Amino acid sequence: MRYFIIETLGDDQDSKLAFIDSPPEDLGLYDYCMARGEPIGDRYPAEARIYLKPKSPGIKMSSLIGNTQSYLIVNTEMKNVILEYCPRCKIETLSFSLYNHKNRVHSDDYWIINPIGYVDCVNRSASDIKYLSSDPTKVVAVRKFVLEPKRLESAPHLFRVREDREKYIISEHLAKAFQERNFSNIFLIEIDQKEAG
């Protein structure tokens, strides 16, 4: 099976598209949780708000909203497809109101998708990963990672990897479901695979 990274920036060259460059208000120090696959639970605001900023003037809505926070932000229809394909996965779906540049509600139809945890499936010897010199278990940067097919046999259709938890990996089945429904602002990068050894 093929696997892809789903690009959370979306089409950052289309200035007409809505683009988010801040986390929901009132999250404080917990705004990293949704980017790293850590549960946020009841620390997430009951009436979360995200404001579009003047430096990103676009207001056109798409299936995925590009953002600088490494969040997977999708509309309700796309969220429902993800949940349909991942019924046994632990995923937080966090709603918010999107406010436009005039501080008025622009949409209530979007969700931050937070797959909790990660799948240990990276072929480290075939990947280009830089580790901290004082601690070879700590990742400093990932230039390219390669997946190990045997370790993907029970992988869900949406997951993260330990070495780069701000990336979202989807299976070709989920990618095809997105394509069949003509979801917009979706950019996929195929990931190489190689058996260890």
Side-chain angles (χ1 to χ4, degrees), residues 3-14 17-41 43-45 48-53 55-56 58 61-75 78-79 81-83 86 89-99 107 110-122 127-132 138-147 155-171 174-175 178 183-191:
Y3 289 89
F4 304 85
I5 295 170
I6 185 164
E7 179 55 68
T8 56
L9 283 173
D11 184 357
D12 60 345
Q13 301 303 307
D14 186 345
L17 288 176
F19 187 84
I20 292 172
D21 55 11
S22 61
E25 287 200 330
D26 301 324
L27 274 181
L29 298 175
Y30 297 106
D31 62 356
Y32 73 94
C33 291
M34 293 94 69
R36 308 257 320 141
E38 297 183 20
I40 191 161
R43 293 180 299 234
Y44 190 77
R49 297 177 175 204
I50 297 178
Y51 289 85
L52 295 173
K53 305 290 184 187
K55 66 180 179 180
S56 301
M61 305 310 292
S62 52
S63 304
L64 179 146
I65 298 182
N67 67 96
T68 58
Q69 303 298 307
S70 297
Y71 296 159
L72 182 56
I73 300 177
V74 302
N75 65 13
M78 193 166 164
K79 174 204 72 149
V81 171
I82 290 170
L83 294 179
C86 303
C89 299
K90 186 171 182 186
I91 298 176
E92 288 182 327
T93 54
L94 307 161
S95 64
F96 64 91
S97 294
L98 182 65
Y99 282 72
S107 179
Y110 285 85
W111 304 78
I112 298 171
I113 305 298
N114 183 18
I116 305 302
Y118 58 85
V119 174
D120 187 12
C121 60
V122 170
S127 300
D128 187 0
I129 302 172
K130 184 175 180 179
Y131 295 92
L132 192 64
K138 302 280 185 190
V139 174
V140 174
V142 178
R143 291 183 193 93
K144 177 183 178 182
F145 58 82
V146 177
L147 302 179
H157 292 288
L158 169 67
F159 62 93
R160 304 173 191 263
V161 294
R162 178 173 58 186
E163 291 76 7
D164 198 352
R165 293 179 65 177
E166 294 182 358
K167 297 282 191 260
Y168 301 83
I169 316 297
I170 65 169
S171 71
L174 187 52
F178 291 168
F183 290 149
S184 58
N185 204 21
I186 307 294
F187 294 89
L188 303 177
I189 303 165
E190 186 165 3
I191 309 168

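As the structure is a computational prediction, the values presented were derived from the model and not from experiment.
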Sequence-distant partners of Phe178, ring-ring contact (aromatic ring centres under 6.0 Å, His included), two or more places apart:
Phe183

Is a donor on one side and an acceptor on the other found under 3.5 Å between the side chain of Glu163 and the backbone of Val122?
no

Partner of Asp120 under salt bridge (charged side-chain N to carboxylate O under 4.0 Å, His left out), picked from Arg162, Arg160, Arg165, is Arg162

Is it true that, when you exclude Tyr99 itself, more than 12 heavy atoms of the residues, nucleotides or ligands shown sit nearer than 6.0 Å to its OH?
yes

Are the side chains of Thr93 and Ile82 in contact, using a 4.5 Å heavy-atom criterion?
no

Should Asp14 and Phe19 be marked as a side chain to side chain contact (heavy atoms under 4.5 Å, CB included) after you check the CA-CA gap, both sets of side-chain angles, and the distance that decides it?
CA-CA 9 Å; Asp14 186 345; Phe19 187 84; over 6 Å; no

Qualifying residues under ring-ring contact (aromatic ring centres under 6.0 Å, His included), relative to Phe159, sequence neighbours excluded
Tyr3

Go through Asp12 and Thr68 one step at a time and tell me if the side chain to side chain contact (heavy atoms under 4.5 Å, CB included) criterion holds.
CA-CA 10 Å; Asp12 60 345; Thr68 58; over 6 Å; no

Non-hydrogen atoms of Gly58 and Leu52 that approach each other most closely:
O-CD1, 3.9 Å

Heavy-atom nearest pair, Pro23 first then Asp31, reads CG-OD2, 3.4 Å

How long is the straight-line distance from CD1 of Ile20 back to CD1 of Ile112, given to the nearest 0.5 Å?
7.5 Å

Pro24 vs Tyr44 side-chain heavy atoms within contact, under 4.5 Å
yes

Side chain to side chain contact (heavy atoms under 4.5 Å, CB included) between Leu174 and Phe4: does it pass, once the steps are laid out?
CA-CA 10 Å; Leu174 187 52; Phe4 304 85; over 6 Å; no

Could you walk me through whether Leu64 and Leu72 pass the side chain to side chain contact (heavy atoms under 4.5 Å, CB included) check?
CA-CA 8 Å; Leu64 179 146; Leu72 182 56; 3.8 Å; yes

Spell out, as yes or no, whether a donor-acceptor pair under 3.5 Å connects the side chain of Tyr71 to the backbone of Ile65.
no

Donor-acceptor contact present, side-chain Ser184 to main-chain Ser63, <3.5 Å:
yes

Mind checking whether Val161 and Val142 have side chains closer than 4.5 Å, heavy atoms only?
no

Is there side-chain contact between Trp111 and Leu94, with at least one heavy-atom pair below 4.5 Å?
no

How many angstroms lie between atom CD1 of Ile189 and atom CD1 of Ile169, to the nearest 0.5 angstrom?
9.5 Å

Once you round to the nearest 0.5 Å, how far does CZ of Phe96 lie from CD of Glu25?
12.5 Å

To the nearest 0.5 Å, what is the distance between CG (Asp164) and CD1 (Ile5)?
7.0 Å

For a quick test of reading the model, state the closest non-hydrogen atom pair linking Asp11 to Asn185 and the distance between them.
N-OD1, 2.7 Å

What's the shortest heavy-atom distance between Met34 and Asn114, and which atoms?
O-OD1, 3.6 Å

Glu92 side-chain N/O to Ile116 backbone N/O, donor-acceptor pair under 3.5 Å:
no

Flag, side chain of Ser97 to backbone of Arg49, donor-acceptor distance under 3.5 Å
no

Got a second to check how far Leu9's CG is from Gln69's CD, nearest 0.5 Å?
10.5 Å

Check whether any side-chain heavy atom of Tyr110 sits under 4.5 Å from a side-chain heavy atom of Ile50, and report yes or no.
no

Tell me, yes or no, whether the heavy-atom count around Leu132 atom CG, taken from other residues, nucleotides or ligands under 6.0 Å, exceeds 12.
yes

Set of side chain to side chain donor-acceptor pair (under 3.5 Å) partners for Lys138, sequence neighbours left out:
none

Between Ile186 and Met78, the two heavy atoms sitting closest are CD1-CE, 3.3 Å

Roughly how far apart are Phe145 CZ and Leu147 CG, rounded to 0.5 Å?
6.0 Å

Ile91 vs Cys86 side-chain heavy atoms within contact, under 4.5 Å
yes

Please give me the minimum heavy-atom distance between Tyr168 and Pro115, naming the atom from each residue.
CE2-CD, 3.8 Å

